[in-house]
Amino acid sequence: MKETITGSEALMRALKEEGVKTIFGYPGGAIMPVFDTLYDYTRGEHRAFHHVLVRHEQAAAHAAQGYARVSGGVGVCLVTSGPGATNTLTGVADAMMDSTPIVVICGQVSTAALGTDAFQEVDLVGVAQPISKWAYQIRRPEDVAWAVSRAFYIARSGRPGPVVLDFPKNAQTHTCEWESVHVNRVRSYVPYPELDAEAVSRAADLINHAERPLALVGQGVELAGAQKELLAFLEKADIPAGRTMLGLSALPTDHRLNVGMLGMHGSYAPNMMTQQCDVLIAIGMRFSDRVTGRFDTYAQQAKIIHLDVDPSEINKNIVSDVAVVADCKVSLPAITEQLKPKSHQSWHEAFAPYYNMERDQVIEPAIHPKAGPLLMGEVVNAVSEAADKSAILVTDVGQNQMFAARYFRYHQPRSIVTSGGLGTMGFGLPAAVGATFGRQDRTVCLFMGDGGFQMSIQELGTIMEQKAPVKMILLNNNYLGNVRQWQDMFFEGRKSFTRMMNPDYAQVVGGYGIPYAVCLRRENLAEKINEMLTTDGPFLLECAVREEDNVLPMTSPGKSVDEMQLTI
């Protein structure tokens with residue numbers, strides 16, 4: 001005889017069957033029956049989950065993202081209806097843009113009250129559908145097990161992304177007979193397209209005849225777990241590779257074929273050589289405008305091969321000559337098998353002048369300044385040198401993000417967590433909390449600006465309560481730095497509301513009982529970083545950096561990728 005249980009109990013069992021260990025959440029009226037059931041699942045011999053109480057629902061979504069990005073699993077958050085649900089939607093949109101698998105479970109008013117403008121009612125499915133892979137309202141307790149299994153299957157399969165489950169209160173409290181459900185197929189949903197052998201052969205043929213091939217490596221390699229397959233592909237054909245910001249740790253920083261970061265604030269050489277290559281191979285990347293600059297002038301001289309699991313990305317921004325639509329863990333080995341071993345020494349040497357120009361004019365002055373205030377680049381470089389090689393970089397959004405992405409070093413897969421497509425300020429602090437739960441064996445280094453930090457500063461409470469060992473580096477320049485840079489470059493230096501009046505961060509952090517240090521001078525930097533890294537648990541290191549430091553190189557909006565500036 002089947003056991004009769006509530007919908008809330010069914011949710012707990014379904015989550016347990018999906019292997020969930022950590023839930024990021026915030027309770028409220030419409031989700032209270034679930035939290036009451038969760039109480040028993042977080043205590044005693046029946047303990048199945050660790051619940052992390054965030055201080056704002058948006059932080060729950062970002063923490064789930066951080067967890068998913070470093071662990072390779074699915075992040076889970078649990079919130080109430082109305083504002084609780086809508087607060088998570090920024091994180092849902094962020095996860096959709098950056099292909100991050102999370103499942104957001106939200107309370108809802110009872111089905112009888114739907115459409116009556118009941119207290120804290122919102123049409124969550126209607127709002128969430130355009131910014132998620134799937135949004136569904138669970139109206140009956142009998143549907144809980146099926147909906148949860150389907151949600152996890154959709155979130156993690158193919159091109160990953162967020163799923164939103166809307167859970168009315170009566171479905172939480174009414175009963176059903178428990179029956180486990182395992183969904184491994186959804187009609188009309190094809191997460192892994194069948195590999196086209198002809199496309200593979202055409203791609204291999206183009207690469208075999210290329211004299212100046214260039215690979216563009218995106219986060220799709222990380223999502224597919226195809227780092228080894230990527231190395232085999234690149235090394236056999238001796239192909240230089242640039243990496244998107246989200247794909248930075250797909251290839252080790254010190255690998256001989258790594259030629260740097262692509263994009264608006266990326267490395268000079270790969271951006272310039274994009275316009276000189278004869279075959280461009282895009283692997284698990286979506287040709288974002290921040291990578292390409294002007295679409296109409298981008299790599300016009302090259303044959304373009306695009307490897308992606310999502311057919312909707314093919315020809316969306318840049319038209320490809322050959323499209324290989326499949327998981328790159330499958331497509332890369334298939335192409336590699338047909339490649340001829342090659343050497344492109346003269347092509348590699350052609351990158352050197354651009355690298356040397358950037359090193360002399362940008363990199364060395366940024367990381368080894370001889371005088372003046374501390375610079376963001378030198379702080380990032382110093383932290384990266386002092387941290388162990390398994391360290392994970394988490395960033396907020398803005399200048400801190402660009403400097404951190406450029407000057408941190410990546411030695412292991414899944415080593416960068418940042419908001420790419422949506423560019424969400426306030427992302428960093430909660431995402432770093434999630435990352436500490438996703439990989440408890442790795443050091444998490446978080447870089448923030450003073451603007452982004454104050455957008456989620458309340459999550460210091462989460463760090464305090466959870467003792468989450470986030471190593472926080474605050475790059476304080478008293479400005480919304482990225483906007484200020486654009487105001488100086490494009491708005492005649494009219495700094496409209498970008499200067500920040502900041503609090504005394506020592507007092508703020510002290511109130512949460514988190515260890516703190518401030519670095520004002522270059523000669524103290526190494527000592528302060530060592531103090532941060534050797535202190536158990538969380539730590540905030542505030543660095544007073546040059547107020548009007550600029551991120552360079554830069555491709556200005558509306559410019560071609562080879563119109564990159566080394567100076568302003």
Side-chain angles (χ1 to χ4, degrees), residues 97-99 199 202-203 206-207 209-221 234 239-248 250-251 257-325 328 344 347-348 350-351 353-355 357-358 402 405-406 420-423 486 489-490 551-566:
M97 290 284 278
D98 288 351
S99 304
R202 289 172 57 207
L206 281 176
I207 297 168
H209 288 90
E211 295 181 359
R212 302 182 307 280
L214 176 62
L216 311 181
V217 177
Q219 188 194 195
V221 172
L234 297 174
I239 302 173
R243 302 157 299 155
T244 67
M245 183 171 66
L246 294 185
L248 281 170
L251 186 66
L257 294 174
N258 167 35
V259 293
M261 185 171 82
L262 302 161
M264 176 179 279
H265 289 297
S267 303
Y268 196 44
N271 283 291
M272 298 298 288
M273 299 307 266
T274 294
Q275 305 296 74
Q276 299 180 38
C277 67
D278 59 357
V279 174
L280 191 71
I281 310 116
I283 308 169
M285 56 88 72
R286 60 187 178 86
F287 287 115
S288 161
D289 60 294
R290 288 296 171 118
V291 165
T292 64
R294 283 178 55 181
F295 292 140
D296 62 336
T297 61
Y298 183 77
Q300 292 290 298
Q301 80 293 339
K303 295 290 186 182
I304 294 177
I305 302 167
H306 195 175
L307 280 62
D308 205 291
V309 74
D310 184 357
S312 72
E313 289 297 339
I314 304 301
N315 300 331
K316 185 176 80 175
N317 293 333
I318 299 297
V319 176
S320 57
D321 295 278
V322 178
V324 184
V325 184
C328 61
H344 294 288
W347 172 233
H348 288 288
F351 284 75
Y354 298 109
Y355 170 74
M357 290 172 64
E358 182 180 3
M402 295 297 105
R406 282 178 54 82
L422 201 63
W486 281 48
M489 294 178 67
F490 310 122
V551 186
L552 292 167
M554 180 174 181
T555 303
S556 296
K559 298 288 187 180
S560 297
V561 69
D562 58 346
E563 295 182 278
M564 199 170 211
Q565 302 170 237
L566 289 173

Decide yes or no for [X] and [Y]: does some side-chain heavy atom of the first lie under 4.5 Å from some side-chain heavy atom of the second?
X	Y	value
V259	M273	no
E358	M564	no
L280	I318	no
E563	S556	no

Separation between [atom1] of [X] and [atom2] of [Y], rounded to the nearest 0.5 Å:
X	Y	atom1	atom2	result
S320	D308	OG	CG	10.0 Å
I304	L206	CD1	CG	11.0 Å
L214	I281	CG	CD1	7.0 Å
T244	M285	OG1	CE	6.5 Å
D562	N271	CG	CG	9.0 Å
K303	D321	NZ	CG	4.5 Å

Please find the pair of heavy atoms, one from [X] and one from [Y], that lie closest to each other, and give the distance.
X	Y	result
D98	G420	OD2-N, 2.7 Å
G220	C328	O-SG, 3.6 Å
P553	H265	O-ND1, 3.0 Å
T274	A299	O-CB, 3.8 Å
F295	F287	CE2-O, 3.8 Å
I239	H348	C-CE1, 4.3 Å

How would you list, by chain and number, every residue that makes a side-chain contact (heavy atoms from CB on, under 4.5 Å) with M261, sequence neighbours excluded? M245, L248, S267, A405, R406
Using a 6.0 Å cut-off, check whether atom CD of E211 has over 12 heavy atoms from anything other than its own residue. no
Going by the side-chain hydrogen bond (donor to acceptor under 3.5 Å, both in side chains) test, which pairs reach into residues 283-297, not counting sequence neighbours? R294-D296, T297-S560
Would you call the rings of W347 and F351 parallel, tilted or perpendicular, where under 30° means parallel and over 60° means perpendicular? perpendicular
Given M489 and M554, is the side chain to side chain contact (heavy atoms under 4.5 Å, CB included) satisfied, shown in steps? CA-CA 11 Å; M489 294 178 67; M554 180 174 181; 3.5 Å; yes
